[in-house]
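Positions are given from 1 along the sequence. Note: hydrogens, waters and symmetry copies are ignored here, and every other heavy atom, side chains too, is used.
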Amino acid sequence: MKPEETVDYNIKVAWHAISRMYNTQAARYDITTSIGFVLLNIDQEQGTPATKIAPLLGLETRSLTRILRSMEEKGLIYKQADTQDKRSVRIFLTELGLEKKEVSRQTVRHFNQKMRAKIPQGQLDVFFKVAGQITSMIEGKTLFDDFELKPRKEAS
């Protein structure tokens, strides 16, 4: 099977193209794609518990910690102890964070509007359905239950 005929290759290539495009746009505003996605997932009024952000983005906690540290250094966020649960920390946006969140929101919206203008809704519906099925299969953690490595055939 050629790489371009595999599901994972096509998903990876598409995501890398999207990520490069978002990073190019984000760099114009002194942020990154990762920062933009974090900003989009922080509640402007209530703040967001730090522990809730990583799962929303499919990130490892270590990666999120680095991103949050960078965001705090850039003055985009501040941390505050949760008023109900003092063990928990909530992340809030600064004024600059709100501005960058709006940049991120408009960038994502623009991308999606352009996609929807060029790709018929029926094709998008199929794409969303297939992407959902792939995600479910992977998250079900049973994809490789029946997998058995076959020995390579020796060349004679």
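- With hydrophobic clusters built from ILVMFWY side chains whose heavy atoms lie under 4.5 angstrom apart, I18 does not share a cluster with Y9.
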Applying side-chain contact (heavy atoms from CB on, under 4.5 Å), run through R90 and T48 and close with a yes or a no. CA-CA 5 Å; R90 292 184 93 74; T48 301; 5.9 Å; no
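- Summarising the local packing, CE of M137 is surrounded by 12 or fewer heavy atoms from other residues, nucleotides or ligands at distances under 6.0 Å.
- The minimum heavy-atom distance linking S104 with G36 is given by the pair OG-CA, 3.2 Å.
- Remark: K101 NZ to I35 CD1 distance equals 15.0 Å, nearest 0.5 Å.
- Counted by atom type alone, Q25 and R28 present one or more donor-acceptor pairs between their side chains at under 3.5 Å.
- In this structure the side chain of H110 reaches within 4.5 angstrom of the side chain of K114, judged on heavy atoms.
- You'll find the side chain of Q44 reaches within 4.5 Å of the side chain of L98, heavy atoms only.
- Between the side chain of T142 and the backbone N or O of D145 there is no donor-acceptor pair closer than 3.5 Å.
- In this structure, OG1 on T94 lies 8.5 Å from CE on M71, to the nearest 0.5 angstrom.
- Counted within 6.0 Å of CD on E95, heavy atoms from surrounding residues, nucleotides or ligands total 12 or fewer; the atom is thus considered open.
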Candidate pair V89 and Q80, rule side-chain contact (heavy atoms from CB on, under 4.5 Å), full reasoning: CA-CA 6 Å; V89 174; Q80 195 171 59; over 6 Å; no
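- Both W15 and V108 sit in one connected hydrophobic cluster of ILVMFWY residues. Membership requires side-chain heavy atoms under 4.5 Å apart, directly or through other members.
- In this structure, the side chains of T51 and T61 stay at 4.5 Å or more apart for every pair of heavy atoms.
- Summarising the geometry of D8 relative to T6, their closest heavy-atom pair is OD1-OG1, 3.1 Å, with the distance given to 0.1 Å.
- Taking hydrophobic clusters as Ile, Leu, Val, Met, Phe, Trp and Tyr residues chained together by side-chain heavy-atom distances below 4.5 Å, L40 does not share a cluster with F92.
- Follow the hydrophobic side-chain contacts under 4.5 Å out from V38 and you reach F111 in the same cluster.
- The aromatic rings of F37 and Y22 lie perpendicular to each other, with more than 60° between the two planes, well past the 30° mark.
- Checking side-chain atoms of S136 against main-chain N and O of G132 turns up a donor-acceptor pair under 3.5 Å.
- Hydrophobic clustering, with ILVMFWY side chains joined whenever heavy atoms are under 4.5 angstrom apart, keeps L124 apart from I11.
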side-chain contact (heavy atoms from CB on, under 4.5 Å), that's the test. Do V7 and V130 meet it? Break it down for me. CA-CA 11 Å; V7 173; V130 170; over 6 Å; no
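- Atom-to-atom distance recorded for L57:CG and L64:CG is 7.5 Å, nearest 0.5 angstrom.
- Side-chain atoms of N10 come within 3.5 Å of backbone N or O of E4 as a donor-acceptor pair.
- Contact record, D82 with D85: CB-O, 3.1 Å, taken as the closest heavy-atom pair.
- The structure places CD1 of I42 at 6.5 Å from CD1 of I91, a figure rounded to the nearest 0.5 Å.
- By the 6.0 Å contact criterion, CD on E5 is enclosed, its count of non-hydrogen atoms from other residues, nucleotides or ligands being greater than 12.
- Shortest non-hydrogen contact noted between T33 and S19 is OG1-O, 3.6 Å.
- Side-chain contact between K100 and L96 is present, with heavy atoms from C-beta onward closer than 4.5 Å.
- I67 and S34 get closest at one heavy-atom pair: CD1-CB, 3.7 Å.
- Here the closest heavy-atom approach between residue F128 and residue R116 is recorded as CE1-NH2, 3.8 Å.
- A salt bridge links E102 and R105; the closest N-O separation between the charged side-chain nitrogens and carboxylate oxygens is under 4.0 Å.
- Rounded to the nearest 0.5 Å, atoms CD1 (I138) and CD (Q133) are 12.0 Å apart.
- Here the straight-line distance linking atom NE2 of H16 with atom CG of N23 works out to 11.5 Å at 0.5 Å rounding.
- For F127, the CZ atom sits in a loose shell: 12 or fewer heavy atoms of surrounding residues, nucleotides or ligands are nearer than 6.0 Å.
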